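Numbering of ligands and ligand atoms starts at 1, following listing order. A quick note: this is a predicted structure, and the numbers were derived from the prediction, not measured.
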Amino acid sequence: MTFDRETKIAPSILSADFADFGREIQAIEAQGADWVHIDVMDGHFVPNLTFGPPAVKAFRPHVKTFMDVHLMIAPVDPYIEAYAEAGADMITAHVEAGPHPHRTLQAIRATGKKAGIALNPGTPLEAVEYLLDLCDMVLVMTVNPGFGGQKFIHSQVDKIARLRGMIGDRPIHIQVDGGVDPRTAPLVAKAGADVLVAGSAVFKGGSVDAPQVYGENMSALREAILAQS
Ligand code: DX5
Ligand code: ZN
């Protein structure tokens, strides 16, 4: 993957039909998804449970674009290799997941995968300042992680803009996750985010039998961003 700052849409399969992940992934990719975002939750770091490494491994053959694995788990280090072996292209860990996020990023890089670091809404930007040179992506959470369909937290737009300044010309993506829809996408794109995760806003109203709705939903996000620029 060559680095660019073009806007990328990464649908979160947390909003897909849990009995039909293979076809759901194929449907969103056919409709223009740039990345596929997988939300891994452990019922401890966040109050919800989702996908272990075998599930992620089962998704892998269906993902033709880029498999973006967001680990909302603590501890995280003992599971990095398993998610790398499951076929993740990017592994993102939370800066709040333990006392040694620098070591965590080194461990992700050691697997040969791209490395991301995520910040919860209450975490100051400075928490990642000395980690940037080990990162391919910083994920700014715009909801408290754990569930899809929550309300966008507007205070994070300023965090994204400050992060954009901190990154400068380094090849580091800025990802936004939580409450991204046609109203909020222009705000985060303008602030400097280039990878937009969206669950409800992509999957709402569609299905594997009506996949064009996914395409329309993604177009609505892209058009809202273009309309402001
Ligand atoms: C939240 C997850 C998100 C979530 C986004 O814990 O990390 O990826 O699925 O869902 P929406 O877009 O519905 O807010
Ligand atoms: Zn996520």
(message) Tell me whether the rings of Phe66 and Trp35 are parallel (<30°), tilted (30 to 60°) or perpendicular (>60°).
(response) tilted

(message) Under 4.0 Å from a heavy atom of Pro145: which atoms of ligand 1 are those, numbered in the order shown and with their elements?
(response) 6 (O)

(message) Closer than 4.0 Å to some heavy atom of His70 - which atoms of ligand 1 meet that?
(response) 7 (O)

(request) Could you tell me which atoms of ligand 1, counted from 1 in the order shown, lie closer than 4.0 angstrom to a heavy atom of Met41? (result) 6 (O)

(request) Output yes when the distance from some N or O of ligand 1 to some N or O of Val197 is under 3.5 Å, and no in every other case. (result) no

(request) Considering the heavy atoms of Gly178, write down every atom of ligand 1 situated less than 4.0 Å from one of them. (result) 14 (O)

(message) Is there a polar contact, in the sense of an N or O pair closer than 3.5 Å, between Ser15 and ligand 1?
(response) no

(request) Could you tell me which atoms of ligand 1, counted from 1 in the order shown, lie closer than 4.0 angstrom to a heavy atom of Met72? (result) 6 (O), 7 (O)

(request) Any atoms of ligand 1 less than 4.0 Å from a non-hydrogen atom of Asp177? List them with their elements. (result) 2 (C), 3 (C), 4 (C), 5 (C), 7 (O), 8 (O)

(request) Please determine if Ser12 has a nitrogen or oxygen closer than 3.5 Å to a nitrogen or oxygen of ligand 1. (result) yes

(request) Give yes if a backbone or side-chain nitrogen or oxygen of Gly149 is under 3.5 Å from a nitrogen or oxygen of ligand 1, and no if not. (result) yes

(message) Below 30° counts as parallel, above 60° as perpendicular, anything between as tilted: where do the rings of Phe45 and His94 land?
(response) tilted

(message) Is it the case that ligand 1 has an N or O less than 3.5 angstrom from some N or O of Ala201?
(response) no

